[in-house]
Structure formats: C-alpha cells, structure tokens
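Worth saying up front: this structure is predicted, and the values here are computed from it rather than measured. Numbers restart at 1 for each chain; the letters A, B, ... are given by sequence-line order, proteins then strands.
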Protein chains: 2
Amino acid sequence: MASIKDVAAAAGVSVATVSRVLNGHPSVSAEARARVMGAVAQLGYRPNAVARSLRTDQTHTLGLVISDVLNPYFTELARSVEEEARALGYSVIIGNADERPELQDHHVRNLLDRRIDGLLVSPTDGGSPLMLDAVRAGTPMVFVDRWIPGVEVPVVRADGRAAVRDLVAHLHRLGHRRLAIIAGPAATTTGSERVEAFRAALAEYGLLLPDAYIGQGDFQAESGRRVTEGFLDLPEPPEVVFAADNLMALGALDAVRARGLRVPDDLALAAFDDIPWFVHTDPPVTAIAQPTGELGRAAVRALVDRIEGRTPQSVTLPARLVVRRSCGEATPTPEITPPTQSPSPVQRSTS
Amino acid sequence: MASIKDVAAAAGVSVATVSRVLNGHPSVSAEARARVMGAVAQLGYRPNAVARSLRTDQTHTLGLVISDVLNPYFTELARSVEEEARALGYSVIIGNADERPELQDHHVRNLLDRRIDGLLVSPTDGGSPLMLDAVRAGTPMVFVDRWIPGVEVPVVRADGRAAVRDLVAHLHRLGHRRLAIIAGPAATTTGSERVEAFRAALAEYGLLLPDAYIGQGDFQAESGRRVTEGFLDLPEPPEVVFAADNLMALGALDAVRARGLRVPDDLALAAFDDIPWFVHTDPPVTAIAQPTGELGRAAVRALVDRIEGRTPQSVTLPARLVVRRSCGEATPTPEITPPTQSPSPVQRSTS
DNA sequence: CTGAAAGCGCTTACAG
DNA sequence: CTGAAAGCGCTTACAG
C-alpha cells in the first residue's frame with residue numbers, strides 16, 4: 001500500500017507538504033497542491049488511519065455497546081446512532097453484549113484499547129469495575145436507554161411511566177384485574193423501573209402486584225417463554241402478562257401457543273418496545289413505543305458534545321402506548337388523541 | 001493514560017522487556033516478569049492497540065459490510081460472525097450499507113483506511129470500482145450470502161434452489177397457478193438467483209412467470225408494500241406472492257392488510273429467510289430458512305484462513321422450506337421428514 | 001535474559 | 001509557502 005512517502009516522492013515535495021494538502025491546511029501553493037493531488041490519484045493513495053490516530057490521539061470513532069443485537073429495538077438504535085455519528089464525522093464500532101456482563105466488559109475493554117474517542121453504553125448490569133474505572137479515568141461516555149445510578153454520566157432515555165399508566169388504565173377498562181409482568185434483570189434500570197412503574201400504576205386502581213406475578217426474565221426470548229409457563233402453572237394464573245421488552249413478548253407468544261391457548265382470550269399480552277412485526281402478529285400486540293431513532297441521535301449529540309469540549313445534556317423523551325388487540329377488544333372511544341400533541345397520548349393503532 | 005514507558009519506569013526495566021512480557025515472549029526472567037506484571041496492575045495499564053497495529057501491520061480486526069442492519073437475517077449473520085471471530089482472536093467492525101451502494105463504498109473505504117486484516121462483504125450491487133480495486137490490491141476478502149460473479153473471491157452462501165422447488169411444489173399442490181415474486185435488485189446475486197430459481201421451478205409444472213408477476217423490490221419493506229399493491233391492482237392479480245426476503249414480506253403483509261384483504265384467502269404469501277416472528281404472524285408465514293449461523297461462522301473461517309496464509313474454501317449450504325399456513329391449509333402429510341437428515345427436507349412446522 | 005535503537009505512517013511546531 | 005525533524009506507543013532484530 002502506498003504511503004505518504006511514496007506520494008511525496010511522486011509529487012516531488014516533502015511529506016509535510018503532502019500532509020498539509022491532505023488536511024486542507026491553507027498555506028500550500030496551488031502548484032504543490034495540484035502535484036500532490038495528482039500523485040494521490042495516480043497512486044490510489046489512502047491515508048493510514050492507524051498512523052494518523054497514533055499521532056493525533058484521536059480516532060474519530062465512537063464505541064457503542066448494546067445489550068443485544070438480536071433485539072430489533074437495539075438494532076434500530078444502532079442504526080440511528082451510526083447515522084448521526086456519520087453526519088458528525090465519526091464512525092462507530094458496535095459491541096454486542098448479548099445481555100452478558102462479561103461480554104459487555106470484553107467489548108468495553110476492546111473499545112478502550114482501540115482508543116475510541118467516546119463510548120455509548122446501554123449497561124447490561126449495575127456497572128462493572130472496568131466501566132466505573134473508565135468513567136473515573138475521564139473516558140467520554142453517555143448512557144443510552146439503560147443507565148447506572150450514581151455515576152456522573154449523561155443519560156439519554158425514554159420515560160415510560162406515563163405510557164405504563166395508560167396501559168394499566170386500558171387493561172383495567174377491559175376488566176382485567178390479575179396483572180403480571182415479565183421483568184428484565186433487576187440490575188438494569190429498565191429492568192427495575194418498568195416493574196416499579198407497573199406497580200405504581202396498579203396501585204392507582206387499588207390493585208396489588210404480588211411476587212408470584214413478577215417473573216424474572218433477562219430481556220431475551222427464552223426467559224419470556226419460561227416465565228410465561230410459570231404463570232400459566234399458577235393455581236390462579238394472571239389474566240394479562242406485560243413483557244418488559246419485545247423479545248420476552250415473543251417468548252410469551254411461544255409459550256401460549258405451545259399450550260394451545262390463545263391471546264387474548266386465555267391470556268392477554270402487552271409489551272414494552274414496539275416493533276413493525278407487532279402489527280402483524282396474531283393478534284396484533286399492544287405495545288409501548290419508544291422514540292428510538294431520536295434517542296440514538298440525541299445520545300450521539302451528547303457524546304460528541306462531551307468529546308469536543310461542550311457540555312453534554314441528559315435527555316428524557318416520553319414513550320407512548322399503542323393499543324392493538326392483544327389485551328382484548330377495546331371499547332371504541334369516540335375521540336382519538338392525535339399522536340404528537342399531548343405529552344403521553346394513547347395512540348389507537350389502525351391495525 | 002499510562003504508556004509502556006510508564007510501566008517500564010515503574011518496573012525498573014526497559015520498554016523492550018515490558019513488551020516481551022506483555023506478548024508472552026519466552027526469554028524473560030521470572031523476576032522481571034513479576035515486576036512488570038505488578039507495574040501493569042498498579043497502573044491499570046492497557047496496551048495501545050493503535051500503536052501496536054501501526055508497528056505490526058496487523059489490526060486483528062475483520063470488517064463486515066452487511067446490506068441492512070434492520071433485516072433480522074443480517075443481524076443474525078452479524079452475530080454469528082462476531083462470535084466466531086472472537087473465538088479466533090479477531091474483533092469485527094460492522095458497516096451497514098442500508099442497501100445503498102454509495103453507503104457500502106463509504107464503509108469499505110472506512111474499513112480499508114483502518115487497515116482491517118480482512119473484509120467480509122454481502123455486496124449491495126454488482127461491485128463498485130473501489131471494491132474491485134481492493135480485491136486487485138490483494139485485500140483478503142470473502143463474500144457472504146451475496147457475491148459478485150467473475151471476481152476471484154471465496155463465497156459462503158446458501159443454495160435455495162431445492163427449497164424454492166419444494167415451495168413451488170407445495171403451492172402447486174394447494175392449487176395455486178398464478179404465482180408472482182417480489183424480487184431483490186437484479187444487480188445482486190440473491191436478487192436475480194431467486195427469480196431464476198422460481199422461474200425454473202414453475203417451468204417444471206408448465207407454469208410461466210410473466211413480467212407482470214415479477215415485481216422489482218430492493219429487499220426493504222417499503223418496496224414489498226409498493227410491489228404488492230401493484231400486483232393487487234392488476235386485472236388478474238396473482239394468487240400467491242413470493243417475497244425474496246423477510247422485509248419485503250413484511251411490506252406485503254402491510255399492503256394486504258391496508259386493503260382489508262386476508263392472507264392466504266385473498267393472496268397467499270411465502271418468503272425467503274425465516275425469522276422467529278413468522279411463527280406468530282397472522283397467519284404464520286411459510287418461509288425458506290437459511291443456515292444463517294453456520295454461514296456466518298464458515299465465512300469467518302474462510303477469511304481467517306486467507307489472512308493467515310491457508311487456502312480459503314468456498315462453502316455452499318442448503319436452505320430448506322418451512323411450511324406454515326400463509327399459502328393455504330396444507331393437506332396433512334403422514335410422514336414428517338426429520339429436519340437434519342435429507343439434503344433438502346421439507347420441514348413441517350408445528351405452528 | 002536484557003536494553004538501545006530503528007522504524008511503522010503520520011502531523012505539526014519550528015526555522016527559514 | 002516549504003522542509004527537516006521530533007514524536008505518538010509500540011515491536012523486534014541486533015548486540016551483548
């Protein structure tokens with residue numbers, strides 16, 4: 001591969017001059033610039049980003065550690081992160097933690113070793129020593145979706161509390177009283193918050209969330225299946241299951257179908273995170289939709305602000321309920337709240 | 001951040017010795033080793049991968065350029081690629097082409113600039129000059145899923161012809177005669193091959209594939225929607241639509257539902273690529289399943305073989321038909337072919 | 001077993 | 001406007 005020396009030789013100038021034209025430095029004569037450009041084109045020269053990074057101590061790269069690539073929510077998040085980063089002149093390297101803390105640490109370490117300029121993390125746990133050290137060492141970092149309490153890092157996330165309240169109102173209106181939840185790991189904020197939001201909303205209707213109705217999942221499909229089976233085996237099974245993410249909802253659907261039961265007749269189902277497939281499942285699934293793309297973009301902006309010396313902003317965006325048929329036929333409501341107006345509109349899907 | 005000099009100073013040895021213990025070089029005294037390890041632990045030292053790469057001309061990194069991260073097929077592929085790469089001591093950087101050739105080139109260029117050790121590509125088009133140059137320049141490369149004819153690069157992919165033949169047999173048995181396809185871009189191999197396999201299978205039943213029944217999609221959902229609407233507007237609409245990937249099948253479902261029609265009564269549907277959601281759609285979708293994980297792993301092995309001086313092997317694995325209900329009720333067959341036995345078993349799903 | 005030194009491909013003050 | 005030189009953090013022949 002041609003190096004800057006080859007270009008300099010071909011253009012009859014010094015490597016310093018080549019470097020200057022490559023970096024758009026103003027003080028280069030038009031003639032030198034032309035000769036260099038010619039040599040670059042002729043040799044098909046491409047600057048070595050590794051060498052440049054070593055010298056400048058910048059990689060123009062962001063690390064993104066997501067909890068699970070197989071989760072469409074994170075996949076959409078990753079896509080918007082890459083898009084915004086590209087627009088701001090950064091590339092992104094994705095690490096998939098697969099909901100496993102050790103794998104998360106592996107990727108954080110790898111990313112740090114590569115000297116990425118900043119790190120976007122959706123933590124799989126309560127914060128490993130490695131991650132805490134990285135924060136203390138001053139690594140620019142921003143949490144997306146999930147975060148670690150007590151750590152001085154900006155957080156970009158959705159607040160689902162109002163939407164969960166809307167969901168419980170919807171369920172109550174349909175006559176459901178025994179409501180259960182498939183929770184994510186308690187060590188994650190989204191794992192515990194969604195349970196708490198659910199519990200608080202139930203309390204408003206004088207309903208309790210007994211321990212037997214809190215199933216411990218790990219945000220992956222298999223756990224949703226297992227927990228749902230446990231619910232169905234209860235002497236008094238719940239009437240509704242609220243899955244704290246879309247993959248556990250998939251597992252719940254598997255479990256219900258495997259027993260030859262039907263949603264919503266035998267068990268109603270709702271999920272956190274809305275995905276395109278929920279429109280076409282049997283039945284279409286009532287879900288809480290996050291503004292995923294906007295979260296990804298806001299997270300990148302916050303991180304780049306931090307990297308470039310500006311003050312990063314934490315951002316909290318509202319999630320919203322999308323009612324479909326998986327909790328029972330909704331009694332038709334005359335007014336339809338427009339989707340973008342109120343802070344937490346109950347959007348009635350056309351499906 | 002502590003550098004190798006700091007470690008050397010703290011341990012009272014030269015940087016050469018530090019480097020040797022870090023790299024497991026045998027000729028280091030036990031005492032020096034212990035002192036270095038101590039200093040490393042105490043300083044929390046981590047080698048700078050950028051500097052190491054510059055020096056060794058190796059990044060231990062693979063580039064993976066996929067066509068679309070939002071496609072669950074590619075997401076699963078990416079996951080298995082990362083897993084196998086990690087097992088072999090490599091990390092992977094993913095670039096998402098989003099089915100856009102310019103974006104694909106952007107990522108290839110970025111990856112090349114970063115001096116990745118090798119490139120895994122699922123080409124979005126027939127091969128840009130940039131990609132062709134990279135091959136000519138000797139960049140270790142392997143094509144996965146899609147490939148570029150006439151280019152001397154190993155290919156790891158699934159052969160769907162037998163499964164497509166099984167699909168057409170299934171459709172014919174159900175009485176369908178007017179069969180249409182939503183194709184991918186003709187510039188991609190999977191775009192054209194799936195049409196040709198479909199056409200050839202139809203011919204075995206004396207059926208034609210008229211131009212009006214070949215819709216041009218781009219492997220993304222919106223195109224599936226648009227093409228399906230076109231089919232439904234035809235004076236004589238098809239009885240079945242075969243979507244060449246799962247996202248276009250999603251678009252087809254959208255279009256059918258938007259018109260208040262039903263699958264399979266008004267229009268039957270089948271898809272290339274099987275995904276977990278197809279079990280739970282209304283109705284469950286008959287699909288052709290690829291051995292995605294195995295493809296990803298085989299591709300990595302081939303690429304690493306090439307990188308490490310061994311001779312890489314092209315690999316072709318069979319895809320198989322999974323019958324569900326989206327093409328009409330199947331007449332129950334007495335024997336169930338075990339999924340792993342025959343080269344192209346027609347697996348009857350339990351859903 | 002160990003260290004001094006060269007060099008990977010760049011960028012950037014410094015001097016002219 | 002231009003070039004010689006230093007230096008980023010490593011690895012690795014070379015000499016001892």
Side-chain angles (χ1 to χ4, degrees), chain A residues 1-40 43-61 89 109-117 137, chain B residues 1-40 43-61 89 109-117 137:
Chain A
M1 207 143 222
S3 83
I4 196 169
K5 276 189 197 163
D6 303 313
V7 176
V13 298
S14 72
V15 296
T17 297
V18 175
S19 177
R20 288 195 191 95
V21 348
L22 258 25
N23 292 294
H25 190 100
S27 54
V28 182
S29 68
E31 201 218 321
R33 184 178 312 277
R35 304 244 301 277
V36 169
M37 299 301 267
V40 163
L43 295 171
Y45 171 74
R46 291 253 86 214
N48 183 329
V50 175
R52 180 181 296 201
S53 290
L54 179 59
R55 179 56 230 239
T56 61
D57 202 29
Q58 294 188 118
T59 50
H60 277 280
T61 302
R109 194 174 293 116
N110 179 254
L111 262 3
L112 257 21
D113 287 356
R114 287 167 181 277
R115 303 300 193 262
I116 42 110
D117 293 342
Chain B
M1 208 141 222
S3 84
I4 196 170
K5 275 189 196 163
D6 303 313
V7 177
V13 298
S14 72
V15 295
T17 296
V18 175
S19 176
R20 288 197 191 92
V21 348
L22 258 25
N23 292 294
H25 190 102
S27 54
V28 182
S29 69
E31 201 219 320
R33 185 178 311 277
R35 303 242 303 275
V36 168
M37 300 301 265
V40 163
L43 295 171
Y45 170 73
R46 293 251 88 215
N48 183 329
V50 175
R52 180 181 294 196
S53 292
L54 178 60
R55 180 54 230 242
T56 61
D57 203 29
Q58 293 187 119
T59 50
H60 276 281
T61 302
R109 193 173 295 116
N110 179 254
L111 262 4
L112 257 21
D113 286 356
R114 286 166 181 278
R115 302 300 191 262
I116 43 110
D117 293 342

Participant: May I ask you to verify whether the side chain of B/Arg55 and the base of C/dG9 hold a donor-acceptor pair under 3.5 Å?
Facilitator: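 Donor-acceptor pair under 3.5 Å: no.
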
Participant: Could you check if a side-chain atom of A/Val21 sits within less than 4.5 angstrom of a side-chain atom of A/Val40, using non-hydrogen atoms only?
Facilitator: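 With C-beta onward as the side chain, the pair stays apart.
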
Participant: Rounding to an integer number of Å, can you tell me how far B/Asp113 CG sits from C/dC10 P?
Facilitator: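 Whole-Å distance recorded here is 10 Å.
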
Participant: Whole Å only: how far is the NZ atom of B/Lys5 from the P atom of C/dA4?
Facilitator: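 About 13 Å, once rounded to whole Å.
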
Participant: In whole Å, what is the span from the CG atom of B/Asp57 to the C1' atom of D/dC10?
Facilitator: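 Distance check: B/Asp57 CG to D/dC10 C1' gives 13 Å.
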
Participant: Heavy atoms from C-beta onward define the side chain here; which of C/dG3, D/dC10, D/dG3 lies closest to that of B/Asn48?
Facilitator: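 Taking heavy atoms from C-beta onward, the closest nucleotide is D/dC10.
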
Participant: Rounded to the nearest angstrom, tell me the gap between atom CG in B/Leu22 and atom C1' in D/dG9.
Facilitator: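 Whole-Å distance recorded here is 12 Å.
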
Participant: From the options C/dC10, D/dC10, D/dA5, select the nucleotide whose nearest atom is closest to the side chain of B/Arg52.
Facilitator: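 Nearest nucleotide to the side chain: D/dC10.
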
Participant: Without decimals, in angstroms, what is the distance between A/Met1 CE and C/dC10 P?
Facilitator: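 So the CE-P distance, A/Met1 to C/dC10, works out to 10 Å.
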
Participant: Can you find an N or O donor on one side and an acceptor on the other, under 3.5 Å apart, linking the side chain of B/Arg115 with the base of C/dG9?
Facilitator: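 Per atom types, no contact qualifies.
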
Participant: Can you list the steps and then say if A/Thr17 with A/Ser14 is a side-chain contact (heavy atoms from CB on, under 4.5 Å)?
Facilitator: CA-CA 5 Å; A/Thr17 297; A/Ser14 72; 3.4 Å; yes

Participant: What is the distance, to the nearest angstrom, from the CD1 atom on A/Ile4 to the P atom on C/dG7?
Facilitator: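 It is 18 Å, rounded to the nearest whole Å.
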
Participant: Which base, if any, makes a Watson-Crick or G-U wobble pair with D/dA13, both distances under 3.5 Å?
Facilitator: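 Paired with no nucleotide.
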
Participant: Considering only side-chain heavy atoms of B/Leu54, which listed nucleotide, C/dC1, D/dA4, D/dG9, is closest?
Facilitator: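 Nucleotide nearest to B/Leu54's side chain: D/dG9.
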
Participant: Under the side-chain contact (heavy atoms from CB on, under 4.5 Å) rule, what do A/Val28 and A/Val36 come out as? Steps first, then yes or no, please.
Facilitator: CA-CA 10 Å; A/Val28 182; A/Val36 169; over 6 Å; no

Participant: Check this one for me: any side-chain N or O of B/Ser29 less than 4.0 Å away from OP1 or OP2 of C/dT2?
Facilitator: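 Result: yes.
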
Participant: Is any side-chain heavy atom of A/Arg114 less than 4.5 Å from a side-chain heavy atom of A/Asn110?
Facilitator: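 They are in side-chain contact.
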
Participant: Across the strands shown, which category fits A/Thr56 at heavy-atom distances under 4.0 angstrom: base, sugar-phosphate, nothing?
Facilitator: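 Touches sugar-phosphate only.
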
Participant: From NE2 of B/His25 over to P of D/dC10, roughly how many Å is that when rounded to an integer?
Facilitator: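 The distance from NE2 of B/His25 to P of D/dC10 comes to 18 Å, rounded to the nearest Å.
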
Participant: In whole angstrom, what separates B/Gln58's CD from C/dG7's P?
Facilitator: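 Rounding to the nearest Å, CD of B/Gln58 and P of C/dG7 are 20 Å apart.
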
Participant: Measure the CG-CG distance between A/Asp113 and B/Asn48 for me, rounded to the nearest 0.5 Å.
Facilitator: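 One finds 8.5 Å between CG of A/Asp113 and CG of B/Asn48.
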
Participant: Check this one for me: any side-chain N or O of A/Thr17 less than 4.0 Å away from OP1 or OP2 of D/dG3?
Facilitator: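 For A/Thr17, the contact criterion (side-chain N or O under 4.0 Å from OP1 or OP2 of D/dG3) is met.
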
Participant: Sticking with atom C1', work out how far C/dG16 lies from C/dT12, rounded to a whole angstrom.
Facilitator: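 Straight-line distance between the two C1' atoms is 16 Å.
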
Participant: Can you check whether B/Asn23 has a side-chain N or O nearer than 4.0 Å to OP1 or OP2 of D/dT11?
Facilitator: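 Yes, B/Asn23 has a side-chain N/O under 4.0 Å of OP1/OP2 on D/dT11.
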
Participant: What is the pairing partner of C/dA4, taking Watson-Crick or G-U wobble pairs with both distances under 3.5 Å in any strand?
Facilitator: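 Across any shown strand, C/dA4 pairs with none.
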
Participant: May I ask you to check whether over 12 heavy atoms, not counting those of A/Met37, lie within 6.0 Å of atom CE?
Facilitator: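 Open.
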
Participant: Taking the minimum atom-to-atom distance to the side chain of B/Arg20, which one of C/dA4, C/dC1, C/dT12 wins?
Facilitator: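 Nearest to the side-chain atoms of B/Arg20, counting from C-beta on, is C/dA4.
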
Participant: Given C/dC10, C/dT2, D/dT11, identify the nucleotide with an atom nearest to the side chain of B/Val15.
Facilitator: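 Among C/dC10, C/dT2, D/dT11, the one nearest the side chain of B/Val15 is D/dT11.
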
Participant: Is any side-chain N or O of B/Tyr45 closer than 4.0 Å to OP1 or OP2 of D/dC10?
Facilitator: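 So the side chain of B/Tyr45 is within the cut-off, an N or O lying under 4.0 Å from OP1 or OP2 of D/dC10.
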
